[in-house]
Amino acid sequence: MTASVAIAARGVGVTVEGHRILEGVDVDVRPGELLALVGPNGAGKSTLLGVLAGDTTPSAGAVELDGGPLRRVPTRELARLRAVQLQKQGLAFGFRVEDVVRMGRSPWHRTPAEDDDDRVVAESMARADVATLAERLFPTLSGGEQARTSFARLLAQAAPVLMLDEPTAALDIRHQEALLDVLRCTVRAGSAAVVVLHDLSLAAAYADRVCVLADGRVRADGPPAEVLTGPMLTEVYGHPVDVVEHAGHLVVVPVRSHAPAVPTLQEVP
Amino acid sequence: MTAVLPATEPTPGPSGTGRPAPSRSGARVLAGRVGLLGGLGVALLVAAAFGAGHGQLDVPPGEVVGSLLHRLGLDWGPLPSHPQGENTLWQVRFPRVAMAALAGAALATAGALMQGVFGNPLAEPGVVGVSSGAAVAAASVIVLDLGFAGTWTVACCAFLGGLVTTVLVYVLSRDGGRTEVVTLVLTGIALNAVTSAGLAFLMFLGNTQAREEIVFWQLGSLNGSRWEQVGVVAPLALGGILVALLLAPRLDLLALGDRAARHVGVDVERLRMGTIVVVAVLTAAAVSFCGIIAFVGLVVPHLVRLVAGPGHRLLVPASALGGAVLLVVADLWARTAIAYADLPIGMLTSLVGGPFFFWLLRRARRTAGGWA
């Protein structure tokens, strides 16, 4: 395999209690690339992310990180190579937001990089727009604020491979755009990112490549313009879907059979 | 997020420039830590001096300190004026105060560790049945009259009993990387039911003397603590607390949940198993001669968290000191509240700890939005 691949799944299959969740999945993520994982509920997106992160051992196939088998990488070293933001954020005790972000620095303890902790933590909090929340207690935050704090923790970990499971689900529209913008900047600087997204328009706007999962298999994999097409999405999601172009961006909208409640754009003089 | 800063390099190296000087808040945190630990240390010394002095034969604190210093070879301070003072101090009071401090420190540290490893502020050796598991094993030693390791036999068996129950609680109450309050409490009820059946059976088996010993021991008491017993408990408790201090920084990360803790580089399984062994050692240290003293591990870490926040670097040592202070004071109360009566200390801690546990439970229910 080429050295330019940061992380790669090869023929990955996962079976849980007789249920086939993933089968024969091949996915590459390269440095400088933002890959969006999309697909309907139960397609296996989170499971695939779990396999790539090293949480789930696949029942078939393997994952390679920097050309070597992921399984062999010790936990602490792995934490310096990849950072993960889970869909659900929980915290057992009332740590302050800044403490939570600082937890992202723990893989760098007793390394030269530790000297940068204060700077990286402050910078990560600014980039995730949680600097003003620094003294607040994590469990008292709203869902969106918790998600942004977890994003700051992910950034603070400063790993070359970033994995995020629906990071925008709880965010308002401004923070959705801001988060993906920051993520894209990080990727431009050489990181690789895998992001599970439900919002296909966001995927179209920010991803370099989109991988469509359906029923545990890769249904399509390529640049957004090639993959996100009406017929393709209609088939995968089992619902008529239109892809339109608006101000230079692809916008994915479901086709609704009932009459629109507001006048459509064309009707406005 | 109006201004997006330039991206950090994936692997930051040490940079000579741009590193902020240690912040004022950092210095304040350090001062707070030293203040809290120092304050608790002073409180422990004061409580120990008063605890050793008070009782049926009163020795003023000054004479207690004097007696101690004279034994250390320093001719400072007055010696006990009462003819029996010196003897009472060294044969009865000092071992008892030392035992109270060690047991309190061990139980509070065990509580703090358990809460960290279960990610649940309600975990405590007494509540979830670890103490009574250790108690069953220790009672078997009494009834079956075992003595394969001398004074250490009870401690050995209590450790094994504690270890088995901790692992059981862990395996039974854990689901999807978290322990829900309801599952933990119900697991505790189930385990306590089984262990009390075990204790009942042992009492049925034993003779009158063994029965009496078990009953008193179930009530929890520091009465009749001897130096040989302190000699067994001290290495276990102090060793356990030392390892707990080493584990403490990583316990913070477990608060993120198992998966997220792994993502930031914690070998969760190893940390958890190590912590469980330490909890069993600490519980055994406290239980083997003092019996069941419940709720210390619940109340103390919780109060420390209210004052100092949830960070384990401070929580663990502060809990150890706080637990020692609490039990020395509680023991003083237990033997002086009613003249010529030595109340069981386990009864007192449960009397105070029970309502506290209930209050915590209500609070957990409110903040978690249900019994989750």
Side-chain angles (χ1 to χ4, degrees), chain A residues 31 50 53-55 74-80 82-84 86 88-96 99-100 103-104 106-109 112-116 118-120 122-124 126-129 139 150 153 155 157-161 174-175 178-179 181-182 185-191, chain B residues 1-23 25-26 115-121 123 176-179 249-271 301 305-306 309-312 315 367-368:
Chain A
D55 295 341
T75 315
R76 200 169 131 90
E77 204 184 314
L78 192 58
R80 291 185 208 136
R82 64 98 181 88
V84 187
L86 293 173
K88 269 208 308 207
Q89 281 86 36
L91 197 69
F93 297 103
F95 284 97
R96 294 178 316 135
D99 297 333
V100 176
M103 287 179 187
S106 61
W108 301 100
H109 282 179
E114 193 182 21
D115 296 345
D116 274 354
D118 288 339
R119 183 181 60 80
V120 176
E123 217 169 272
S124 305
R127 295 176 75 201
D129 195 21
S150 301
R153 180 167 61 78
L155 292 175
Q157 209 171 327
V161 181
R174 173 169 86 104
H175 286 109
L179 183 143
D181 207 36
V182 170
C185 281
T186 314
V187 164
R188 291 289 167 268
S191 301
Chain B
M1 202 171 329
T2 41
V4 173
L5 294 170
T8 39
E9 300 84 60
T11 49
S15 65
T17 57
R19 194 188 162 199
S23 54
S25 77
Q115 286 146 26
V117 94
F118 280 86
N120 188 324
R178 298 197 79 82
T179 308
R250 276 181 292 163
L251 286 177
D252 281 359
L253 301 171
L254 282 186
L256 293 169
D258 285 7
R259 271 185 82 185
R262 253 180 63 87
H263 293 154
V264 290
V266 180
D267 191 336
V268 176
E269 286 305 317
R270 232 171 64 189
L271 175 59
R305 264 190 221 103
L306 283 180
H312 287 83
L315 178 67
T367 50

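The chains referred to below are lettered A, B, ... by the order of the sequence lines, with proteins before strands, and numbering in each begins at 1.
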* Distance (rounded to the nearest 0.5 Å) between A:Asp55 CG and B:Asp258 CG -> 10.5 Å

* Structure fact -> side chain to side chain contact (heavy atoms under 4.5 Å, CB included) filter on A:Arg188, not counting sequence neighbours, yields A:Arg184, A:Asp208

* Which atoms form the tightest heavy-atom contact between B:Val266 and A:Thr75, and what is the distance? -> O-CG2, 3.4 Å

* To do: Take the angle between the ring planes of B:His312 and A:Phe93 and call it parallel below 30°, perpendicular above 60°, tilted in between.
  => perpendicular

* Supply the atom-to-atom distance A:His109 NE2 to B:Arg250 CZ, rounded to the nearest 0.5 angstrom. => 12.0 Å

* **Side chain, backbone, both or neither of A:Arg153 within contact of chain B (heavy atoms, under 4.5 Å)** => side chain

* Side chain, backbone, both or neither: which part of B:Val268 has a heavy atom under 4.5 Å from chain A? -> neither

* Asked: Under a 4.5 Å heavy-atom cut-off, does chain B meet the side chain of A:Asp99, its backbone, both or neither?
  -> neither

* **A:Arg82 side chain to B:His263 backbone, donor-acceptor under 3.5 Å** => yes

* Check: B:Arg262 side chain, A:Gly54 main-chain N or O, donor-acceptor pair, under 3.5 Å -> yes

* Asked: Is there a side-chain contact between A:Met103 and B:Val264 (heavy atoms, below 4.5 Å)?
  -> no

